[in-house]
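In listed order, ligands and their atoms are each counted from 1. Only this structure's heavy atoms are used, side chains among them; waters, hydrogens and symmetry mates stay out.
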Amino acid sequence: MTEEILGNIHSLESCGTVDGPGIRFVVFLQGCPLRCKYCHNPDTWTTNLNKKISVKEILEKYEGVKEFVKNGGITVTGGEPLMQIDFVIELFKQAKERNIHTALDTSGILFNRNNTTKIDELLKYTDLVLLDIKHIDNEEHKKLTGLSNTNILDFAKYLSEINKPVWIRHVVVPQITYNEKWLSELGKFLATLKNIKALDVLPYHDMAIPKYENLNIEYPLIGIPPLTKEEAIKARNIILVSYKKNQP
Ligand code: SF4
């Protein structure tokens, strides 16, 4: 008998409204290799918080709130869900057997084009990918997250090649990504993809500061103000103008 795969989770949210279409049951998985300076979930970074849960338990909890989330589905986020890909495969496989809409919120940082067996298996059961592009410029990406964006952009191209529906998510931070050059370059890159269904421009906020204090981690963006609504609209427009201008 094969051993049951358990997920190492941070938390569950039964009525999420910001992680995909409709009202959704959201699974926050533990563990992330990135260290985004604006991260509002630093408590998901480590992998050794052992709150384990089975696929069966998650689906039972989903069934309990099904009436509220029937126009939505299940979203797996984190942390970085691809760190527990075997668990997510099993969860999405069983969710699809019940005809539940599945969304994967990932940065794609662990994508490797030379070994796509597992990700292909996961994508078979994934209706929508919420792809977080942190910074379009590689050097700036390293400064912002600690790692290169090569895998992330390659994952975006791969999803386009296989025509998997994608929502692009981009956090706009004053002094970092709120910059005409970078936003235009992002739009230009997105214009090369043929599978984008939506663009979520997420304005930076600093509401996670108390979490950093509790965890005794220095908050990296002290002094950077939240992005205003007007700035977020402007940022979105810059991306979209460039996107349209660069359409093939
Ligand atoms: S990928 Fe998400 S969870 Fe990981 S550091 Fe960045 S914002 Fe935080």
Side-chain angles (χ1 to χ4, degrees), residues 7-13 16-20 24 26-51 74-85 87-88 103-112 119 122 126 128-156 159 166-178 182 186 199-222 224 226-227 232 235:
N8 183 2
I9 62 159
H10 171 268
S11 55
L12 301 170
E13 188 184 331
T17 54
V18 293
D19 295 303
R24 308 188 67 85
V26 186
V27 181
F28 291 84
L29 291 182
Q30 200 61 40
C32 184
L34 292 178
R35 292 292 177 267
C36 305
K37 287 185 175 166
Y38 55 69
C39 181
H40 54 259
N41 289 326
D43 40 354
T44 64
W45 287 348
T46 165
T47 46
N48 53 18
L49 287 177
N50 287 317
K51 206 185 222 177
I74 294 180
T75 295
V76 174
T77 181
E80 173 47 63
L82 296 185
M83 283 188 81
Q84 298 185 56
I85 192 165
F87 177 74
V88 188
L104 174 73
D105 178 18
T106 177
S107 71
I109 188 69
L110 298 174
F111 177 68
N112 174 2
I119 192 76
L122 175 57
T126 303
L128 175 70
V129 176
L130 310 173
L131 182 65
D132 301 301
I133 299 184
K134 316 285 184 183
H135 204 303
I136 193 63
D137 181 80
N138 196 24
E139 290 310 311
E140 295 299 320
H141 191 278
K142 286 183 202 164
K143 285 188 221 160
L144 180 62
T145 71
L147 293 176
S148 158
N149 67 7
T150 310
N151 294 352
I152 295 173
L153 300 186
D154 198 29
F155 188 48
L159 293 171
V166 162
W167 284 15
I168 298 292
R169 316 231 284 177
H170 185 59
V171 177
V172 180
V173 191
Q175 302 166 35
I176 299 181
T177 46
Y178 187 54
W182 302 138
L186 175 61
L199 168 67
D200 270 351
V201 166
L202 308 169
Y204 163 72
H205 64 72
D206 57 9
M207 288 184 282
I209 290 178
K211 278 193 193 175
Y212 281 77
E213 285 169 357
N214 284 341
L215 293 165
N216 222 356
I217 305 173
E218 197 179 330
Y219 189 68
L221 299 184
I222 282 292
I224 295 192
L227 196 83

In terms of atom number and element, which parts of ligand 1 are under 4.0 angstrom from non-hydrogen atoms of [X]?
X	answer
W45	5 (S), 8 (Fe)
K134	1 (S), 2 (Fe), 6 (Fe), 7 (S)
L34	1 (S), 5 (S)

> When you look at D19 and R169, which way does the side chain to side chain contact (heavy atoms under 4.5 Å, CB included) test go after all the steps?
Replying inline: CA-CA 10 Å; D19 295 303; R169 316 231 284 177; 3.0 Å; yes
>> So if I apply the side chain to side chain contact (heavy atoms under 4.5 Å, CB included) rule between I109 and each of I152, L82, N149, T145, which one comes out positive?
In response: I152
> What class does the angle between the rings of H135 and W182 fall in, given that below 30° is parallel, 30 to 60° is tilted and above 60° is perpendicular?
Replying inline: perpendicular
> In terms of residue, atom name and distance, what is the protein heavy atom nearest to atom 6 (Fe) of ligand 1?
Replying inline: C36 SG, 2.3 Å
> What protein heavy atom sits nearest atom 4 (Fe) of ligand 1, and how far off is it?
Replying inline: C32 SG, 2.3 Å
>> I'd like to check I217 versus K211 (side-chain heavy atoms, cut-off strictly below 4.5 Å). Are they in contact?
In response: no
> Counting backbone and side chain alike, does C39 bring an N/O/S atom below 2.8 Å of atom 8 (Fe) of ligand 1?
Replying inline: yes
Are any of the heavy atoms in [X] under 4.0 Å away from ligand 1?
X	answer
N41	no
G79	yes
H40	no

> Does the pair Y38 and I176 meet the rule for a side chain to side chain contact (heavy atoms under 4.5 Å, CB included), with working shown?
Replying inline: CA-CA 10 Å; Y38 55 69; I176 299 181; over 6 Å; no
> With a 3.5 Å cut-off and no angle check, do the side chains of N138 and S148 form a donor-acceptor pair?
Replying inline: yes
>> Looking only at side-chain N and O atoms, does E80 offer a donor or acceptor that is under 3.5 Å from a partner on T106?
In response: yes
